[in-house]
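Position 1 is the first residue of the sequence; numbering continues from there.
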Amino acid sequence: MEQTEVLKKLIRMTGERARIDAKANDTYVVYKNNQNQLVKEHANGITELLKGEESGRA
């Protein structure tokens, strides 16, 4: 496996683990989607886009 493929796999697994931990602790994860927007994903699967200062924009 190429190094970039290994890195992509590790990144994906880290995101999956964060979702598992969020469910176990009844919390949420924050990530950037494909449109470069910050998304807050709750343990129950509900997602919301973060706007303003929360997303790092002034």
Separation between CD of Q37 and CG of L50, rounded to the nearest 0.5 Å = 10.0 Å

What residues, two or more places apart in sequence or in another chain, satisfy side-chain contact (heavy atoms from CB on, under 4.5 Å) together with A43?
-> K23, D26

State which residues pass side-chain contact (heavy atoms from CB on, under 4.5 Å) with Q3; sequence neighbours excluded, sorted by chain then number.
-> none

For residues 10-17, dump all side-chain donor-acceptor pairs below 3.5 Å to protein atoms at least two apart in sequence or in another chain.
| unit_1 | atom_1 | unit_2 | atom_2 | d |
| --- | --- | --- | --- | --- |
| T14 | OG1 | L10 | O | 2.8 |
| R17 | NE | D21 | OD1 | 3.1 |
| R17 | NH2 | D21 | OD1 | 3.1 |

Taken in chain and number order and not counting sequence neighbours, the residues that satisfy side chain to side chain donor-acceptor pair (under 3.5 Å) with E5 are none

If you look at every heavy atom in H42 and Y28, which pair is closest and at what distance?
-> CA-CB, 3.9 Å

For V29 against R19, the heavy-atom pair lying closest together | CG1-N, 4.1 Å

Considering only heavy atoms from C-beta outward, does the side chain of L49 approach that of V39 to under 4.5 Å?
-> yes

